[in-house]
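Side-chain atoms are counted along with the backbone in the values below, which use heavy atoms only and exclude waters and symmetry mates. Quantities reported herein were computed from a predicted structural model and do not represent experimental measurements.
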Amino acid sequence: PTDPPSPQEHGLDFQRLLDASAYKEMFRQDMIRWGEEKRRTDPGFFCRAAVEGALQPVWVVSDTRRLSDVEWFRDAYGDAVQTVRVVATEETRKRRNWVFVAGVDDAESECGLDQGVAFDWVITNDGDKVALGEQLEMLLQSLHRSL
């Protein structure tokens with residue numbers, strides 16, 4: 001078998017891997033396998049990469065996928081860490097063209113934080129812009145108070 005792709009190691013179009021295109025789906029399972037292998041050898045690999053060179057007083061580390069990621073940040077930064085979960089109903093997600101793929105959407109990379117994390121914030125994003133704005137404003141006010 002060939003090595004699983006990573007953008008830098010395999011010449012993939014990084015921008016196209018960020019969207020919900022068929023291009024991303026062609027490589028998704030291989031990317032998951034590649035990431036799992038990296039995590040097995042070094043659980044903090046992706047977390048360290050996310051904060052490398054960051055000097056800002058507030059960082060937004062998006063798209064953590066596993067309990068080990070959350071634990072790494074809490075171990076490294078303690079009470080400064082605020083965890084935020086963004087949720088949408090399955091109906092909303094389907095309207096946004098999400099389609100469940102067995103073996104991918106039920107893998108740890110997609111649902112590893114569904115249990116075991118007490119999130120500091122849960123933001124609902126079901127298409128109500130006013131409600132979303134109010135929730136984000138509360139989060140921003142809290143962050144400003146902690147600076």
Report task. Take V51 and F73 through the test side-chain contact (heavy atoms from CB on, under 4.5 Å) and record every step on the way to the result. Result -> CA-CA 10 Å; V51 300; F73 280 102; 3.5 Å; yes
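Heavy atoms only, all atoms of each residue included: W72 and C47 are closest at CE3-CB, 3.2 Å.
Contacts classified as salt bridge (charged side-chain N to carboxylate O under 4.0 Å, His left out) and involving residues 42-57 (residues at least two apart or in different chains) are given here: D42-R48. Counting only residues at least two apart or in different chains, ring pair (Phe, Tyr, Trp, His ring centres under 6.0 Å) contacts with residues 75-95 comprise W59-Y77. Pairs engaging residues 137-147 under the salt bridge (charged side-chain N to carboxylate O under 4.0 Å, His left out) rule: none recorded [sequence neighbours left out].
Listed by chain and residue number, R95 satisfy the side chain to side chain donor-acceptor pair (under 3.5 Å) test with E91 (two or more places apart in sequence, or in another chain).
Residues R66 and E71 have side chains not in contact (no heavy-atom distance under 4.5 Å, counting atoms from C-beta outward). Considering only heavy atoms from C-beta on, F45 stays 4.5 Å or farther from R39 through its side chain.
Grouping Ile, Leu, Val, Met, Phe, Trp and Tyr by side-chain contacts under 4.5 Å, direct or through others, puts W98 with F100.
A single hydrophobic cluster is not seen to contain both V61 and V58; linkage of ILVMFWY side chains at heavy-atom distances under 4.5 Å, directly or through other members, places them apart. Linking Ile, Leu, Val, Met, Phe, Trp and Tyr whenever their side-chain heavy atoms come within less than 4.5 Å puts V84 and L147 in one cluster.
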Without placing hydrogens or testing angles, list every side-chain donor-acceptor pair under 3.5 Å for residues 110-125, not counting sequence neighbours.
residue	atom	partner	partner atom	Å
E110	OE1	R28	NH2	3.3
E110	OE1	R65	NH1	3.3
E110	OE2	R28	NH2	3.4
E110	OE2	R65	NH1	2.6
D114	OD1	R85	NH2	2.6
D120	OD2	T83	N	2.7
D120	OD2	T83	OG1	3.1
W121	NE1	Q82	OE1	2.9
N125	OD1	R96	NH2	3.4

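Distance alone, capped at 3.5 Å, is enough to place a donor-acceptor pair between the D106 side chain and the G103 backbone.
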